[in-house]
Amino acid sequence: MPELPEVETIARGLAPELQGRTVAEVVVREPRLRTRVARDFATRLRGRTLGRMGRTGKYLVTPLDDGARWLVHLGMTGRLTIGGAHRLPILHDHVELRLDDGRTLVYNDPRRFGRLDVLDAAALARVVGPGIDALDPSLTGDWLFEHSRGRRTSMKALLMDQREIAGLGNIYVSELLHRAGVRPRRRAARLTRDEAARTIVAMRAVLEEAIARGGSSISDYRDGFDNAGSYQDDHLVYDRAGEPCRRCATPIRAVVIVGRSSFYCPTCQR
DNA sequence: CGCACCCCCTGCCGGC
DNA sequence: TGCCGGCAGGGGGTGC
């Protein structure tokens, strides 16, 4: 579920709430996430003071006062929300962090595809991977052009690959390719320099607009205060198969590329 | 190297 | 109404 705009929204919302707070207690009710919560997760977090929560790719990363990093990945259905005093746990409340001000951070994840970990800098780098963050200013059209040379894969697959560009997922790749006028099946090696530039410009614009709208809430996503986003109302192609393109009225097409549904306008995209 | 296909899970929706 | 298959925004592994 959560892609860059959703993770960024959570980080921006929670960072000021968490910074400087100390973790009073950690409750792990269900460690069986896709990556099992480590046995020492609670002891490594308890008593630690939290730094400023940030985001890299689709990961939430919070520095701790002992030099380690608290890492959260929300998978498809994860929610990390802050609330008042303890609430009775509801279904899929897997982990809780109780803070020194009496508030509680709850990690809820029905499908349990997420990850929570405390890692040193080297381990964090291995988990997060080498991909350049989609909002990194050094990610330019020229960068994309050079990195797509000789690649037999599709633009859709290339942009989805977190080892290349970190943060994009299925919704935003469909949206940005529509905005850039590039079909998802386009061979990466055949992208022109101009199209590469348009793709990066479109990517930034879509991501910034989505962040401004608090992300897309298709079904599960909520921000750190349990609020839904509204960018789903601005989607031009995602999940709109058969509906008219909002720019030219041509019916939107759906195709499956590397196992994921992709949506595009055959008129606006070439 | 790229992709098809499997896995990890629960929930929802449409078809019958 | 109830059951079942397919699909869902994540990632990782294997084998061709």
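As the structure is a prediction and not an experimental result, all values here were calculated from the model. Each chain gets a letter, A, B and so on, in the order the sequences are listed, and its residues count up from 1. These numbers come from the heavy atoms of this one structure, side chains and all, not from hydrogens, waters or symmetry mates.
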### Task
Would you please confirm or rule out a distance under 4.0 Å between OP1 or OP2 of B/dG11 and any side-chain N or O of A/H92?
yes
### Task
Assign the ring pair A/H94 / A/Y107 to parallel, tilted or perpendicular, where the plane angle (0 to 90°) is split at 30° and 60°.
tilted
### Query
Hey, does the side chain of A/Q162 come within less than 4.0 Å of C/dG10's phosphate (OP1/OP2), counting only N and O?
no
### Task
Write down the distance separating the P atoms in B/dA4 and C/dC7, rounded off to the nearest Å.
15 Å
### Query
Would you call A/F113 stacked on B/dC8, i.e. ring centres under 5.5 Å apart with the planes less than 30° off parallel?
yes
#### Entry: Pairwise C1' distance, C/dG10 and B/dC1 [rounded to whole Å]
23 Å
### Task
May I have the distance from A/M160 (atom CE) to B/dG2 (atom C1'), rounded to whole angstrom?
15 Å
### Query
Using atom C1' of each nucleotide, how far apart are B/dT10 and C/dT1 to the nearest Å?
22 Å
### Query
Do A/T77 and A/D109 get their side chains close enough for a donor-acceptor pair, meaning under 3.5 Å?
yes
### Query
Can you find a donor-acceptor N/O pair under 3.5 angstrom joining the side chain of A/R112 to the base of B/dC9?
no
### Message
Is it true that, when you exclude A/R21 itself, more than 12 heavy atoms of the residues, nucleotides or ligands shown sit nearer than 6.0 Å to its CZ?
### Response
yes
### Query
What is the distance, rounded to the nearest whole Å, between atom OH of A/Y238 and atom P of C/dA8?
7 Å
### Message
Strictly below 4.0 Å: does A/R111 bring a side-chain N or O up to OP1 or OP2 of B/dC8?
### Response
no
### Task
Using whole Å, report how far CZ of A/R36 lies from C1' of B/dC7.
18 Å
### Query
Reckon A/T153 has a side-chain N or O less than 4.0 Å from the OP1 or OP2 of B/dC3?
yes
### Query
What is the distance, rounded to the nearest whole Å, between atom CG of A/D117 and atom P of C/dG12?
13 Å
### Message
Does atom CZ (A/R32) have a neighbourhood of more than 12 heavy atoms from anything else shown, all under 6.0 Å?
### Response
no
### Task
Let me know the distance between OH of A/Y221 and P of B/dC12, rounded to the nearest Å.
20 Å
